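First the structure, in the form of structure tokens, and then the observations on it.
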Amino acid sequence: MSSSSSTSHGSGEEEEINSGDLTALQKHVVFFDRNKDGIIYPWETFRGFRAIGCGVALSTVSAVVINGFLGPKTRTGKIPSPLLPIYVKNIHKGKHGSDSGVYDSEGRFVPEKFEEIFKKHAHTNPNALTSKELKEMLKANRVPKDYKGWVASWTEWKILFALCKDKDGLLHKDTMRAVYDGSLFLQMEQARESSQKKAKKA
């Protein structure tokens, strides 16, 4: 593929994922806003994780940690709420360090940074990452002494890898891209509901 073709594709991808009233980062989290009121409470985070196939323990811990971290950062007033609500419109304020840079400071998708992940770390398959390559990416993204960022990134990607790797242990590019605009979560929920319906009929 020529560089002009690649640039054109990247531009189109950026326009698509950043289209509409929400930024890519807002689209990424809005799945967990179960009643679509712009606010994500811990019980909604819990229900969202359950909907994509996570167990009760992981969903509980995720709700506590995610809302505990993002709630205070995205709050609209000066006084934090004990209910730890995450405000979707302010989610860009909750961006942690040691990340891939695929979201910019306003929460928009940056296709060049996304492609960079695979150029740098996809050694086995050009369109997927192995567990070892994922670890390599996480280590490369670390900012010195940013321990919270290290833990946040490690947790996010490890959960994703555990849930979405294929039978050969690969996390595919299309899957990763779908994470960034949140469409993967809806796909996972629908697939889980479909399998549950089939199980009931059997």
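In this text, all values refer to a predicted model and were calculated from it rather than measured experimentally.
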task: Decide yes or no on salt bridge (Lys or Arg N to Asp or Glu O under 4.0 Å) for K95 and D99, but give the supporting numbers first.
output: CA-CA 8 Å; K95 257 176 58 65; D99 64 359; 2.8 Å; yes

Say whether [X] and [Y], considering side chains only, have a donor N or O and an acceptor N or O under 3.5 Å apart.
| X | Y | result |
| --- | --- | --- |
| E136 | H123 | yes |
| S98 | N141 | no |
| S100 | Y180 | yes |

Closest non-hydrogen atom pair, R50 against V56: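 Here R50 and V56 meet closest at NH1-N, 3.6 Å.
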
message: What verdict does the side chain to side chain contact (heavy atoms under 4.5 Å, CB included) test give for S62 and N67, after you've listed the backbone C-alpha separation in whole Å, the side-chain angles of each residue and the deciding distance to 0.1 Å?
response: CA-CA 8 Å; S62 297; N67 282 75; over 6 Å; no

- prompt: Linking Ile, Leu, Val, Met, Phe, Trp and Tyr by side-chain heavy atoms under 4.5 Å, what else ends up with V65?
  reply: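 Once heavy-atom contacts under 4.5 Å are chained together, V65 belongs with V61.
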
Point-to-point distance, once rounded to the nearest 0.5 Å, from [atom1] of [X] to [atom2] of [Y]:
| X | Y | atom1 | atom2 | value |
| --- | --- | --- | --- | --- |
| T45 | L70 | OG1 | CG | 8.5 Å |
| E133 | K120 | CD | NZ | 14.5 Å |
| L25 | D181 | CG | CG | 11.5 Å |

ring-ring contact (aromatic ring centres under 6.0 Å, His included) partners of residues 152-172, not counting sequence neighbours, each pair once: none

query: Please, which pairs that meet ring-ring contact (aromatic ring centres under 6.0 Å, His included) have at least one residue in residues 46-97, sequence neighbours excluded?
result: F32-F49

- request: Might you work through the salt bridge (Lys or Arg N to Asp or Glu O under 4.0 Å) test for E189 and R34, ending with a clear yes or no?
  value: CA-CA 12 Å; E189 180 180 35; R34 307 303 283 179; 2.6 Å; yes

message: Using only atom types and a distance under 3.5 Å, with no angle test, would you say the side chain of S195 pairs donor to acceptor with the backbone of R192?
response: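 Pair found, side chain donor or acceptor close to backbone of R192.
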
- prompt: Would you find more than 12 non-hydrogen atoms of other residues, nucleotides or ligands less than 6.0 Å from K36 atom NZ?
  reply: yes

message: Does K132, at its NZ atom, have more than 12 non-hydrogen atoms belonging to other residues, nucleotides or ligands within less than 6.0 Å?
response: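 No, because the 6.0 Å sphere around NZ of K132 holds 12 heavy atoms or fewer from other groups.
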
message: Please confirm whether the ring centroid of F109 lies under 6.0 Å from the ring centroid of F114.
response: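 They qualify: ring centres under 6.0 Å apart.
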
task: Might you work through the salt bridge (Lys or Arg N to Asp or Glu O under 4.0 Å) test for E115 and K173, ending with a clear yes or no?
output: CA-CA 9 Å; E115 294 296 332; K173 187 176 186 178; 2.7 Å; yes

